Structure formats: C-alpha cells, structure tokens
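Notes for the one structure printed next.
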Amino acid sequence: MSNNIDNSKLIDGKKIAAEIKSEIAAEIKLLEGEGKRSPHLAAILVGEDGASKTYVASKEKASKEVGFTSSVYRYPENISEQELLDAVNFLNNDPEIDGFIIQLPLPKHISESKIIEAVSPSKDVDGFNPVNVGKMILGFSTFLPATPFGIQMLLERSNVETAGKHCVVLGRSNIVGTPIANMLSRNASNANCTVTLCHSKTENLAEITRQADIIIVAIGKPFFLKADMVKEGATVIDVGIHRIEDKNSEKGYRIVGDVDFDNVAPKCSHITPVPGGVGPMTIVSLLSNTLKAYHENNK
Ligand code: NAP
C-alpha cells in the first residue's frame, strides 16, 4: 500500500473488527455476570494443510479474545467420508456446541457438498448449508456467509450509502460474489443496491465497472481492477488476498489484493486496503453468527 493515500478514504477493517469484537466481549461479560455459560465455537480440521491450520488457529484465538470457549476436532487426511459424517453428526447433537465450521478445502476423496449438507442448519455458523443459503436468498433471518456479512458491516460502519446505488460485483463464487450480490440487492437496510454480477464471461467489463458507485472485487487476480475501470468517487471493496514476491520486504513477500490500490485509491471516496480491510471482518462475522446461534439455541 502506498503511503500517499488520504487516510480518510480508507475503510479500516482492523479497527471496525476490533470494535465489533469488543461489543461481543461486553455481551459475553454480561452473560457471565448472569451465571450463564459462554458460547462455544468448534472447528473440524482435516489433514495438515498449513493455510487451513493457520485459519483455524486464528478463529480459535479470536473466540478466546471475546470470551467464547472453542475446540478443534482434528482428523487425519485419510479419514473416510462416513467417519467425517459421523463427526459432524456428533457435533450436531452436542448441546454444549452452539456452532461449528468445517475448514475447507477437504481432501479430494470427500464430497464437500455432502459434508456441508450434513451440518445442522441451526449450528451452521459459516452459512454454507443449502437451507441457510435459501433463507439468505429469501431474506429470512439466518447465518450470513462470513465474508459477505463482513463486507456489509464494513459498508454500514463506514457510512457508505447503499440504497439506490449501482453496485458491481466482480466474481460469482458461492462464498463471496454470489451471496454479496444477493444480500446487497435485497429490500433491506444496508442494501437496496442495483446489482450487476460479473464473471469471466462478462463482455465490456470496464464499461460496466465505470458505471458503479460501489465495486466489490472478488476474482482472485492480483491488481486486476485498474484506475481506468473506476469512476471518480466510487467505493471499492477488495476481497482478494495474494502473497507476491517483494525483495524489499524482510519476509521476501507482501500481501496484495485484486485491486491496483495505489492507482485506484486516489479516485475513490472509500477503499479497503489489503491487508487490513475485508480480511479481519471475516472472522468477526463468524463470531457474530456464533453468538446468534447461542441465543437461538438457548431460547
Ligand atoms: P473464486 O472461487 O476463485 O472465483 C473467482 C471468480 O472470479 C469466478 O466467478 C470467475 O468467473 C471470476 N473471474 C475470474 N477471472 C475473471 C475476469 N478476468 N473477469 C471477471 N471475472 C473473473 O473466488 P473467491 O473464492 O470468491 O475468491 C476471490 C479472491 O478473494 C481470492 O483472492 C481469495 O483468496 C479471496 N478471498 C478472501 C477472503 C477474505 O476473507 N478476505 C475470503 C474469501 C476469498 P467464472 O465463474 O466465470 O469462472
């Protein structure tokens, strides 16, 4: 990220995530004061993938920071699909567990969709189960998928007007592009956008992005969104995360997004940096969903 960017444009995901975490922590303190148990978030981790281990560890750490209890159920790479289904069922039926996630990706011999479908919708805090996806599409109360939920909170807490605005979403994945396009097009608060959902077959992409008041980029290509694709005053949300070589950095690499930040930022009214934009919000959304599951399952 360049140092020449006007800080008032930056949507500070780290700061907003910290605010939400402290709100959750305050609520947990109140529950404890009433003698109630804390919410419990569990994770299923299969195999030894380094990135998956890191994600699960950061979810555990964030849970502890807000006063949740948490647990990780670790299984070897060669676990059978049936054994994993049994593990999911065990967590579905454990009354002490309010919500759990399956860390993806799973090994190739296991059907991810079968496992996701087996998670009880009332504990599916990732919001991936088809029942919860259906509820999201219909605008019913449900667990919203973590990254889109985080984006919506970022827009809300940065006072970015969405109603009546043209939002262009780049990328139609099931975990980011498709759900955020749906969420922002709903007749609801922090929504009511006119949404255009673009993908790799979209023609004249730059013409479309130049019409956008809000651009959400989730395509997985470093520096893809260039300044000439953005109109003056637009809000740009960068979901991409890439590690690229950087000989000037001590680590030998740096983290960048899907947006050519240094050239795009001067044209924007608001923009998320990478790192420190959307990323920190994803885990916070998971915590919010777990608190919701706790309240709903303990009515
Ligand atoms: P994905 O599954 O990798 O899908 C990429 C999408 O981009 C597809 O819909 C694809 O279109 C579209 N696309 C690819 N090239 C394109 C082009 N030239 N023009 C227009 N559209 C194009 O996406 P994802 O899982 O949402 O991930 C996207 C990025 O976000 C990755 O960098 C990922 O690491 C990051 N991510 C970050 C977070 C976070 O917490 N910050 C969370 C999730 C993902 P088709 O459908 O036509 O193939």
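Atoms within a ligand are numbered from 1 in the order they appear, just like the ligands themselves. The shown structure was predicted, so the numbers you read here are calculated from the model rather than taken from an experiment.
The closest approach between a heavy atom of G177 and any atom of ligand 1 is not below 4.0 Å. In this structure, T147 has a heavy atom closer than 4.0 Å to ligand 1.
The nearest protein atom to atom 47 (O) of ligand 1, hydrogens excluded, is given as S200 OG, 2.5 Å; this is a heavy-atom distance. When only non-hydrogen protein atoms are considered, atom 18 (N) of ligand 1 lies nearest to F224 CE1, 3.5 Å. The nearest heavy-atom contact from the protein to atom 46 (O) of ligand 1 is R172 NE, 2.7 Å. In terms of protein heavy-atom proximity, atom 20 (C) of ligand 1 is nearest to H199 O, 3.1 Å. Looking at atom 13 (N) of ligand 1, its nearest protein heavy atom turns out to be I219 CB, 3.9 Å. The nearest protein atom to atom 31 (C) of ligand 1, hydrogens excluded, is given as G220 CA, 3.6 Å; this is a heavy-atom distance. Looking only at heavy atoms of the protein, atom 24 (P) of ligand 1 is closest to S173 OG, 3.5 Å.
The shortest N or O to N or O distance between D258 and ligand 1 is not below 3.5 Å. No N or O atom of V278 sits closer than 3.5 Å to an N or O atom of ligand 1. Considering backbone and side-chain atoms alike, K201 places every N or O at 3.5 Å or more from each N or O of ligand 1.
Nearest heavy atoms, P148 versus I180: O-CD1, 3.5 Å. The nearest pair of heavy atoms linking P107 to E77 is CG-O, 3.5 Å. When all heavy atoms of D98 and S38 are compared, the pair lying nearest together is OD2-O, 4.2 Å. Of all the heavy atoms in P121 and F143, the pair that sits closest is O-CE1, 3.4 Å. Closest heavy-atom contact between I208 and C198: CG2-SG, 4.0 Å.
Atoms of ligand 1 lying under 4.0 Å from any heavy atom of G279, numbered from 1 in the order shown and given with element: 41 (N). For ligand 1, the atoms closer than 4.0 angstrom to any heavy atom of G240 are 29 (C), 30 (O), 32 (O), 35 (C). Heavy-atom proximity to I241, at under 4.0 Å, picks out these atoms of ligand 1: 32 (O), 34 (O), 35 (C), 37 (C), 39 (C), 41 (N). Atoms of ligand 1 lying under 4.0 Å from at least one heavy atom of G171, given by number and element, are 6 (C), 7 (O), 9 (O), 12 (C). Taking a cut-off of under 4.0 Å to the non-hydrogen atoms of H242, the atoms of ligand 1 that pass are 32 (O).
Counting only heavy atoms from C-beta outward, the side chains of M281 and I16 approach each other to under 4.5 Å. You'll find the side chain of L291 reaches within 4.5 Å of the side chain of I28, heavy atoms only.
In summary, D94 and K123 do not engage in a salt bridge, as defined by a charged side-chain N under 4.0 Å from a carboxylate O. Salt bridge annotation for R210-D228: absent, with no cationic side-chain nitrogen under 4.0 angstrom from a carboxylate oxygen.
When non-hydrogen atoms are compared, ligand 1 lies under 4.0 Å from the side chain of K221 (C-beta onward) but not from its backbone. For T282, every heavy-atom contact with ligand 1 shorter than 4.0 Å involves the side chain, none the backbone.
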When the side chains of residues 44-51 are checked against the rest of the protein, which donor-acceptor pairs come out under 3.5 Å, sequence neighbours left out?
from: E48; atom 1: OE1; to: K53; atom 2: NZ; distance (Å): 2.6
from: D49; atom 1: OD2; to: A51; atom 2: N; distance (Å): 3.4
from: D49; atom 1: OD2; to: S52; atom 2: N; distance (Å): 2.9
from: D49; atom 1: OD2; to: S52; atom 2: OG; distance (Å): 3.0

Which is it for D246 and R254 under the salt bridge (charged side-chain N to carboxylate O under 4.0 Å, His left out) test, yes or no, and what are the steps along the way? CA-CA 6 Å; D246 182 356; R254 68 188 166 111; 3.4 Å; yes
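Compare T178, V176, N174 by their heavy atoms: the one nearest to atom 43 (C) of ligand 1 is in V176. The heavy atom nearest to atom 37 (C) of ligand 1, considering only I208, V239, L225, is found in V239.
Side-chain contact annotation: K292 with S141, donor-acceptor N/O pair under 3.5 Å present.
Distance check for atom 27 (O) of ligand 1: every protein heavy atom is found at 4.0 Å or beyond.
A donor-acceptor pair is defined here as one N or O able to donate and one able to accept, closer than 3.5 Å; no such pair exists between the side chain of N190 and the backbone of L155.
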